[in-house]
Peer 1: 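Could you have a look at this structure, given as structure tokens, before my questions?
Whatever order the structure lists ligands and atoms in, that order sets their numbers, starting from 1.
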Amino acid sequence: MIHTHDRENFFPGRCVLVNGPVIVGAGPSGLAVGAGLKQQGVPFVILERANCIASLWQNHTYDRLKLHLPKQFCQLPYFPFPDNIPEYPTKYQFIDYLESYARHFDINPQFNETVQSAKYDKTCGLWRVKTIESTSGAMRREMVEYICRWLVVATGENAQKVVPEFEGLEEFGGQVMHACDYKSGEAYRGKRVLVVGCGNSGMEVSLDLCHHNAIPSMVVRSSVHVLPREVFGRSTFDLAVLMMKCLPIWLVDKILVVTARLVLGNIEKYGLRRPSIGPLQLKNSEGKTPVLDIGALQKNQIWRYQGGPRHQEVFRRWSRARKRRKS
Ligand SMILES: NC(=O)C1=CN([C@@H]2O[C@H](COP(=O)(O)OP(=O)(O)OC[C@H]3O[C@@H](n4cnc5c(N)ncnc54)[C@H](OP(=O)(O)O)[C@@H]3O)[C@@H](O)[C@H]2O)C=CC1
Ligand SMILES: O=C(O)C(=O)Cc1c[nH]c2ccccc12
């Protein structure tokens, strides 16, 4: 007979005892933790739901993407970028680098394993991490329970897409996609595209659409800090990091905003407003990343619907205009 307590603990899969940490996620952070542990000779297991390392970079980024920050800020510990890589690596160069990083440290994640739960068992001081095979279509998906003393969650800041509700989407008739599925503007030549969101993704997708002679418009919900990626040939981020070493954050913010104003002009003429809090302070308090501009701001073919109307109202107007054009 199985008691309730036993039933809770009953697990129909394999059980693996890990003599070190379990790391969830084989993205840059998971790999970096793995490399550190390898160097100390500590055994570990990396669990990854996708079938490759850095799956967000491999599968959910657009073709033209380049890192925003100079390479020295994006490299992982103990293994710098090769010298022949440019200052702002492309996504392909970044992925190659991560692949060689994993090879260099002989890191072999367990792919196609999705963590379903992780519970800390206080009585024995151990984590119980349950996974299920992620390969779809398998008749019986394998389940494994890992038991370990340490758990490292390295699942990423932006792994989960957020799609706002859109009333009237069924009647819209046009194609709708999230930025994580956008590859290039090639398919949108000559077409009107409404881009919802004015973060780095929204700005760069709009710029890519311009490069492909599509006609993007943007929905700008709130205020946003736009900084030039470079000032006098020097990375703005690099300058911010340098200034932070000797100046208070509010002053660095003031300098960044004044410099951005000198380089880019008043962003209100591009349909944008700046937040009252400075860019670094806003990043610290709300996690909101400033937009690092690589040319989208000044593309005057991008129309920006600013402020008041939320995506819903703009979308309704947009949808109606599309129907009028089609009829
Ligand atoms: N080349 C690079 O290195 C790139 C880096 N990135 C990075 O990836 C991360 C994710 O960036 P991103 O994908 O842009 O996401 P963000 O969360 O940074 O931006 C999302 C944007 O969408 C807006 N938004 C959300 N919901 C709605 C809605 N319902 N109606 C209208 N607007 C809405 C937000 O407005 P609000 O502010 O009002 O919430 C915000 O402006 C960031 O750290 C970014 O810097 C992204 C692209 C390129
Ligand atoms: O561009 C990105 O995706 C970044 O995350 C860059 C970034 C993070 N924190 C910052 C603070 C000031 C300027 C850029 C950044």
Peer 1: Does V224 come within less than 4.0 Å of ligand 1, judged by its heavy atoms?
Peer 2: no

Peer 1: Have a look at Y101 and tell me which of F94, F79, Y78 forms a ring-ring contact (aromatic ring centres under 6.0 Å, His included) with it.
Peer 2: F79

Peer 1: Between V144, V18, I147, L151, which is the residue that forms a side chain to side chain contact (heavy atoms under 4.5 Å, CB included) with V129?
Peer 2: L151

Peer 1: Do you see a donor-acceptor pair shorter than 3.5 Å between the side chains of K283 and T289?
Peer 2: yes

Peer 1: Could you check whether E142 pairs with R14 (Lys NZ or Arg NE/NH1/NH2 to Asp/Glu carboxylate O, under 4.0 Å)?
Peer 2: yes

Peer 1: Can you list the ligand 1 atoms lying under 4.0 Å from a non-hydrogen atom of G197?
Peer 2: 21 (C), 22 (O), 23 (C)

Peer 1: Taking the side chain from D293 and the backbone from L297, do they hold a donor-acceptor pair closer than 3.5 Å?
Peer 2: yes

Peer 1: Using the salt bridge (charged side-chain N to carboxylate O under 4.0 Å, His left out) rule, collect all pairs that involve residues 236-251, keeping only residues at least two apart or in two chains.
Peer 2: R234-D238

Peer 1: Is the Lys NZ or Arg CZ of R229 less than 6.0 Å from the centre of Y88's six-membered ring, within 45° of the axis?
Peer 2: yes

Peer 1: Specify side chain, backbone, both or neither for S201, according to which of its non-hydrogen atoms lie closer than 4.0 Å to ligand 1.
Peer 2: both

Peer 1: Which of the atoms of ligand 1 are close to G199, meaning less than 4.0 Å from one of its heavy atoms?
Peer 2: 14 (O), 19 (O), 21 (C), 41 (O)

Peer 1: Near V196, which atoms of ligand 1 are under 4.0 Å from a heavy atom of that residue?
Peer 2: 30 (N), 31 (C), 32 (N)

Peer 1: Which bit of N200 gets closer than 4.0 Å to ligand 1, counting heavy atoms only: side chain, backbone, both or neither?
Peer 2: both

Peer 1: Heavy-atom contacts with L69 under 4.0 Å: which atoms of ligand 2 show up? List them by number with element.
Peer 2: 6 (C)

Peer 1: Only one of V45, V16, V22 passes side chain to side chain contact (heavy atoms under 4.5 Å, CB included) with Q110; say which it is.
Peer 2: V45

Peer 1: For T61, does its backbone N or O pair with a side-chain atom of K183 as donor and acceptor, under 3.5 Å?
Peer 2: yes

Peer 1: Is ligand 1 less than 4.0 angstrom away from at least one heavy atom of K288?
Peer 2: yes

Peer 1: Side chain, backbone, both or neither: which part of K66 has a heavy atom under 4.0 Å from ligand 1?
Peer 2: backbone

Peer 1: Taking 4.0 angstrom as the limit and counting only heavy atoms of T289, give me the atoms of ligand 2 inside it, by number and element.
Peer 2: 2 (C), 4 (C), 5 (O), 6 (C), 7 (C), 8 (C)

Peer 1: Under a 4.0 Å heavy-atom limit, does L280 contact ligand 2 with its side chain, its backbone, both, or neither?
Peer 2: side chain

Peer 1: side-chain hydrogen bond (donor to acceptor under 3.5 Å, both in side chains), that's the test. Do Y92 and Q58 meet it? Break it down for me.
Peer 2: CA-CA 8 Å; Y92 303 105; Q58 308 231 32; over 6 Å; no

Peer 1: Heavy atoms only, cut-off 4.0 Å: how does N200 contact ligand 2, side chain, backbone, both, or neither?
Peer 2: side chain

Peer 1: Counting non-hydrogen protein atoms only, what is the nearest one to atom 10 (C) of ligand 2? Give residue, atom name and distance.
Peer 2: F237 CE1, 3.6 Å

Peer 1: With a cut-off of 4.0 Å, which atoms of ligand 1 are near a heavy atom of S222?
Peer 2: 36 (P), 37 (O), 38 (O)

Peer 1: If hydrogens are left out, which of V205, L65, N158, L292 has an atom nearest to atom 10 (C) of ligand 1, that is, the closest non-hydrogen atom?
Peer 2: N158

Peer 1: Check Y62 against ligand 1 and report side chain, backbone, both or neither, counting heavy atoms closer than 4.0 Å.
Peer 2: side chain

Peer 1: When you measure from the heavy atoms of A179 to every atom of ligand 1, does any distance fall below 4.0 Å?
Peer 2: no

Peer 1: So between R229, K283, H68, whose heavy atom ends up nearest atom 9 (N) of ligand 2?
Peer 2: K283

Peer 1: Taking P290's backbone N and O only, do any of them form a donor-acceptor pair with H225's side chain (distance below 3.5 Å, no angle check)?
Peer 2: no

Peer 1: Assess the side chains of Y270 and N300: does a donor N or O sit below 3.5 Å from an acceptor N or O?
Peer 2: no

Peer 1: Which atoms of ligand 1 have any heavy atom of P164 under 4.0 Å away?
Peer 2: 29 (N)

Peer 1: Return the option from R229, R64, R221, E286 holding the heavy atom at the smallest distance from atom 33 (C) of ligand 1.
Peer 2: R221

Peer 1: Between D121 and R128, is the closest basic N to carboxylate O distance under 4.0 Å?
Peer 2: yes

Peer 1: Does ligand 2 have an atom that lies less than 4.0 angstrom from a heavy atom of P290?
Peer 2: yes

